[in-house]
Amino acid sequence: MENMQQVKDKNKLFLGKAHKACVKRGKAYEFECPICNGYAIGMKSSVNGHIVASCSVCKMRVRQ
């Protein structure tokens, strides 16, 4: 089982990659998951600019 620091590190890594991929607000972007190299998709909110992203392989999800 992962400890809390490992979970935080994975979240930070995934969110960083999603932030780089999602350039424009209101548009979905595909990117490679930095954790499992799987297919991930993310979007920057058109309302507040927050990132929402998930990976279809390792099931990682982040929401700002």
Side-chain angles (χ1 to χ4, degrees):
M1 182 169 227
E2 295 177 317
N3 66 32
M4 188 56 90
Q5 188 60 47
Q6 290 171 322
V7 172
K8 286 181 181 180
D9 290 345
K10 282 185 177 182
N11 282 341
K12 187 175 179 181
L13 182 65
F14 191 81
L15 185 58
K17 184 83 178 232
H19 183 71
K20 288 179 184 176
C22 300
V23 180
K24 293 184 180 179
R25 290 181 176 209
K27 183 179 177 190
Y29 292 90
E30 298 174 3
F31 61 96
E32 185 178 307
C33 176
I35 297 164
C36 71
N37 297 322
Y39 170 77
I41 190 164
M43 182 176 176
K44 185 180 278 192
S45 171
S46 59
V47 176
N48 59 14
H50 287 194
I51 302 287
V52 177
S54 64
C55 174
S56 63
V57 178
C58 70
K59 307 300 183 204
M60 171 60 96
R61 293 175 148 191
V62 292
R63 176 175 281 173
Q64 249 183 340

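Computed over heavy atoms, backbone and side chain alike; hydrogens, waters and symmetry mates excluded.
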| note | Hits for ring pair (Phe, Tyr, Trp, His ring centres under 6.0 Å) against F31, two or more places apart or cross-chain, chain-then-number order -> F14
| field | Within one Ile-Leu-Val-Met-Phe-Trp-Tyr cluster: L13 and I41, side-chain cutoff 4.5 Å | value | no
| query | So which pairs with a foot in residues 39-48 pass side chain to side chain donor-acceptor pair (under 3.5 Å), sequence neighbours left out? | reply | E30-Y39, S45-N48
| said: Once rounded to the nearest 0.5 Å, what's the spacing between atom CG of L15 and atom CE of M60? | reply: 9.5 Å
| said: To check you understand the geometry: which heavy-atom pair defines the closest contact between Q5 and N3, and what is its length? | reply: N-OD1, 3.0 Å
| Would you find a donor on one side and an acceptor on the other, under 3.5 Å apart, between the side chain of Y29 and the backbone of A18? | no
| message | Do R25 and V47 have side chains that approach each other closer than 4.5 Å (heavy atoms only, starting at C-beta)? | response | no
| task | Can you see which heavy atom on Q64 is nearest to which on G49, and at what distance? | result | OE1-O, 4.0 Å
| Would a 4.5 Å heavy-atom cut-off, applied to side chains only, mark K12 and K8 as touching? | no
| Least distance between heavy atoms, C55 atom then C36 atom | SG-SG, 3.6 Å
